[in-house]
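Read the structure below first, then the notes.
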Amino acid sequence: MLGREFFSRPAPQLAPALIGKRLVRLQNGQRLSGIIMETEAYQGQNDLACHARVGRTKRTEPMFAQAGHAYIYFTYGMHWLFNLVADEADIPSAVLIRAIFPMEGLAQMEKNRPMLAHTASWLNGPAKLTQGLGIDGALNQHDLCQAGSTIFLEDGIVPPEKLVRTSPRIGLGKTPEPWLSMPWRWHLDWQDAAKLIKEKGL
DNA sequence: CGGCCGATTATCT
DNA sequence: GATAATCGGCCGG
């Protein structure tokens with residue numbers, strides 16, 4: 001299980017370090033997991049794409065917590081999105097997990113999210129992976145570094161830096177520049193991930 | 001594969 | 001009262 005020190009850095013540093021890590025969720029005592037393929041950083045009140053740009057509210061409060069906690073919010077009237085809190089306490093900072101490569105508990109994940117199961121498009125979206133892993137608001141503010149947690153990270157693969165692509169963050173709408181174009185999204189192509197996982201024997 | 005559209009409701013102004 | 005860190009269905013190429 002990755003400890004607090006791993007998460008304790010600004011989101012734009014944590015986000016690329018998360019690519020290749022294994023996200024594990026215990027559901028009914030069973031391991032569901034996937035390799036993290038895509039992340040986005042949201043850092044501080046200056047970042048006008050960050051929910052916490054407006055300061056502390058009921059929704060943004062988790063982003064001000066100590067690193068290693070979960071920030072989970074509901075959007076579009078139907079979707080839960082999962083973030084890992086980064087950086088020091090009182091600095092609002094988080095990394096959105098946008099895609100995973102399914103690894104363990106495939107049968108249970110298929111029950112959780114039947115659509116497109118076992119295809120490359122199964123869990124390649126921030127709301128898709130929360131469905132697959134059975135993550136919702138009940139886990140908001142959870143500590144991923146606490147013994148006995150039902151959600152935590154483990155080491156997985158360490159992709160070569162050249163395979164980790166960057167781009168602007170997705171879905172920011174009318175967020176002003178320079179935040180709209182900030183290259184704070186990191187991702188691994190599906191085929192590259194599959195190859196690396198196979199090579200590593202996971 | 002890419003673009004447009006409707007769904008559906010907590011949160012904030 | 002407007003908006004949203006999305007998704008799936010449906011269309012056209």
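To find a chain, count down the sequence lines: A is the first, B the second, and so on, and within it residues start at 1. Being a predicted model, the structure only gives us computed values, none of them experimental. Any value given below was found using the heavy atoms of this structure, including those in side chains, with hydrogens, waters and symmetry copies removed.
Using a 3.5 Å distance cut-off with no hydrogens or angles, the side chains of Gln27(A) and Asn112(A) do pair a donor with an acceptor. With 3.5 Å as the limit, one finds a donor-acceptor pair spanning the side chains of Gln43(A) and Asp87(A).
The stretch residues 52-65 of chain A comes close to DNA chain B through Val54(A), Thr57(A), Lys58(A), Arg59(A), each having a heavy atom under 4.0 Å from the strand. A heavy-atom distance below 4.0 Å to DNA chain B is reached by none of the residues of residues 166-183 of chain A.
Considering only side-chain atoms of Met78(A), the nucleotide from dA10(B), dG9(C), dT8(B) that sits closest is dT8(B).
Panel note: side chain Arg59(A), backbone Tyr73(A); no donor-acceptor pair is recorded below 3.5 Å. Between the side chain of Arg53(A) and the backbone N or O of Asn46(A) there is no donor-acceptor pair closer than 3.5 Å.
You'll find the ring centres of His51(A) and Tyr42(A) outside the 6.0 Å limit.
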Whenever both distances are under 3.5 Å in a Watson-Crick or G-U wobble pair, mark it; put DNA chain B into dot-bracket that way, with [ ] for crossing pairs and | when the partner is on another strand. |||||||.||||.

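Nearest-nucleotide mapping onto DNA chain C: of Met115(A) and Ala49(A), the residue sitting toward the 5' end is Ala49(A).
The aromatic rings of Trp80(A) and Phe74(A) sit tilted, their planes meeting at an angle between 30° and 60°.
Atom CZ in Phe82(A) sits about 16 Å away from atom P in dC7(C), given to the nearest Å. Taking atom CG of residue Asn112(A) and atom P of nucleotide dC7(C), one finds them 16 Å apart after rounding to whole Å. Look at OH on Tyr76(A): it is 12 Å from P on dT3(C), rounded to the nearest Å.
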Might you work through the side-chain contact (heavy atoms from CB on, under 4.5 Å) test for Ser121(A) and Lys128(A), ending with a clear yes or no? CA-CA 9 Å; Ser121(A) 302; Lys128(A) 295 181 182 180; 4.3 Å; yes

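Using a 4.0 Å heavy-atom distance criterion, Leu96(A) is classed as a base contact.
A distance cut-off of 5.5 Å between ring centres, combined with a plane angle under 30°, places Tyr42(A) in a stacking arrangement with the base of dA5(C).
Within the 4.0 Å cut-off from OP1 or OP2 of dA5(C), at least one side-chain nitrogen or oxygen of His51(A) is found.
Separation of atoms CE (Met115(A)) and CG (Leu123(A)) is listed at 12.5 Å; rounding is to 0.5 Å.
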